[in-house]
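Throughout, a chain's letter reflects where its sequence line sits, starting with A, and its residues are numbered from 1.
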Amino acid sequence: MTELLEPEAPVRRPIPLQAPQLPRWAPPVALFLSLAAAGLVGLLLGWGPAGIAVVAWVLFLVGFTGWAQAIEGRRKAVDRMFATLIWSTFVIAMVPLVSVTWEVVSKGHGIIGADFFANDMRGVLGETNIVTGEPGGIKHALVGTLMITLTATAMAVPVGVMAAIYLVEYGKRTRFARTITFLVDVMTGIPSIVAGLFAFSLLTLIFGAAYRSGFGGSVALAVIMVPIVVRATEEMLKLVPDELREASYALGVPKWRTIVKVVLPTAFGGIATGVTLAVARVAGETAPLLIIAGSTTVANWNVFEGRMMTLPVFIYSSVTTGGKYAAEQEARAWGAALVLVVIVMSLNLLARLLGKIFSPKTGR
Amino acid sequence: MAKSIDVSDVNIYYGDFLAVEGVNMSIRARSVTAFIGPSGCGKSTFLRSLNRMHEVIPGARVEGKIVVDAQDLYAPGVDPVAVRRQIGMVFQRPNPFPTMSIYDNVLAGNRLNSKKMKKSEADDIVEKSLRGANLWTEVKDRLGKPGMGLSGGQQQRLCIARAIAVEPQVLLMDEPCSALDPISTSAIEDLIHELKSEYTIVIVTHNMQQAARVSDETGFFNLKATGEPGHLVEFNPTAKMFANPDNAATEAYISGRFG
């Protein structure tokens, strides 16, 4: 009887931990083979490069997945297939970025030089100034972009940061604060031309008809910037732990001083990053500036008086004038585009740098 | 300079929710008072109401009287900032200011209140407070380094140094050792013993041994039932509390036969 009661001990075979794997050189080799096959057939049948790329992609997707299926099994094959799809979407996303950068650099770099930054376009016809013989440049547009953006930043940053402080520190959970947050979200998506029209009608009401100045452009850009700055600052202030505020209150520090001395310094890196990105965003605005800041050929440092040129408007007007000197104008437009891209990229790099410098340190 | 605290008929609310009900007690000056009890019974909430930190949370309010030095903390016209300058607090998790050095963290209470002081005076306060918190020998060579670079136990002692640098009359501690290892815990318990001679200390702890080791008097908080407000079950000298408590529930909790 005892023999029957004792269950037979099941034999436990060790689960194999090793499985056949594709070698590390398999993906590049598969890519090379599919490209070669597609290229060969494509050249014989006379397809363009796009057709060859598509056929090579299909070949790689099917062939490489099949190869993995044959050697590694189903799970790994599915993994390889989705890895291929994800890499493909990444490459597709990179195409416009690389192509735009390449286009701007290759067409724009030729004209860049000291003269290009030192001269404006007054009296310039075709290549050079008809009086002095100097080549035309973008000094007036650079000055305009710089002054208008600076003025806009000076207006938008205090308003935006303080609004965010209200929303996070004072208005928490109140209906009023929730309404403002909602309106700020709506304003983030406001078309820039609407901001331009707003500034135009506001300044027309104040200064009378046909008013044009850089300041109007600054107002329009500030309208676009404020919601971006509010959102960025709000998120950063929310990240500051309540424990730090409580630690400060527990030391008998009043609320406003806690905000100024503890909360803002802790969030400073993030706020600086947000502000810089907002500046980069508005530096490339065209439509509102076209309406209110106008267009000119002379460098004008005074934002409150007279028309001002900016880089985006300069590019727009250079490309659209046409006529006898269209080629020269287009070359300058590409140069200005390159300068604008470099400015925006530097601002983005600056934002990263600021974030790094001002983030709280651990000292480790 | 230490002060006693008299609490009478205190109810504490979060919005409409009554969290702690009907607390009466008298906390003696220059002694350590410990609060024990299960999680969620309102010990920390009650502690935070002692220096008006409770109302920092939106919708939170306190009813009743808490009298320190013949002044009701909740009388109309009382400035919570002034209350907190008298009654300091150390939190459960160490929270040094991340943008400040060790030196500036200790001086934060003075600096943030824009007290003007000479360099030598500031140096004295820093050294005195760090010595008081048993941290001086460990950090005296790196006072300029960020406070976040210290270990958890050191950070907590830095927070204690920061709290005593403003020379409060009462020091509240909300589970100051719960995030620390036994060695740091022991360092902080020694510190509490030393601070007792100058400060009135109120400490919330989950560790019954710790309450028995450091406190002179103990309050046991409990919930009547889940969802009901917490209340003070028993308040007695620690020796009596742990040897011969008045209340059966206290005995059950202390001896581990709870529930």
*When you look at NZ of K128(B), are more than 12 heavy atoms from neighbouring residues, nucleotides or ligands closer to it than 6.0 Å?*
no
_Counting neighbours of CZ on F17(B) that are heavy atoms of other residues, nucleotides or ligands and sit closer than 6.0 Å, is the number greater than 12?_
yes
*Residue, of K261(A), K255(A), R257(A), R245(A), that accumulates the most heavy atom pairs under 4.5 Å with chain B*: R257(A)
*Heavy-atom distances under 4.5 Å only: say whether L172(B) touches chain A with side chain, backbone, both or neither.*
neither
_Using side-chain heavy atoms (C-beta onward) and a distance below 4.5 Å, is E246(A) in contact with R48(B)?_
yes
*Give a yes or no on whether R61(B) atom CZ has more than 12 heavy-atom contacts from other residues, nucleotides or ligands under 6.0 Å away.*
yes
*Give the intermediate values and the outcome of side-chain contact (heavy atoms from CB on, under 4.5 Å) for residues F97(B) and L244(A).*
CA-CA 7 Å; F97(B) 297 125; L244(A) 291 183; 4.0 Å; yes
*Verify the neighbour count for atom CD of Q71(B): are there more than 12 heavy atoms of other residues, nucleotides or ligands below 6.0 Å?*
no
*Near M162(A) CE, under 6.0 Å, is it more than 12 heavy atoms from other residues, nucleotides or ligands?*
no
*Does atom CD1 of I183(B) have more than 12 heavy-atom neighbours from other groups under 6.0 Å away?*
no
_Need one label for K172(A): side chain, backbone, both or neither, based on atoms under 4.5 Å from any heavy atom in chain B._
side chain
*Looking only at non-hydrogen atoms, find the nearest pair between A163(B) and L251(A) and report the distance.*
CA-CD2, 4.1 Å
*Heavy-atom distances under 4.5 Å only: say whether R93(B) touches chain A with side chain, backbone, both or neither.*
side chain
_Are more than 12 heavy atoms, taken from residues, nucleotides or ligands other than Y13(B), located less than 6.0 Å from that residue's OH atom?_
yes
*Going from CG on D242(A) to CG on N95(B), what distance comes out if it is rounded to the nearest 0.5 angstrom?*
11.0 Å
_Heavy-atom contact with chain B under 4.5 Å, split by part of S248(A)_ = both
*Quick one: what part of P96(B) sits under 4.5 Å from any heavy atom of chain A, side chain, backbone, both or neither?*
backbone
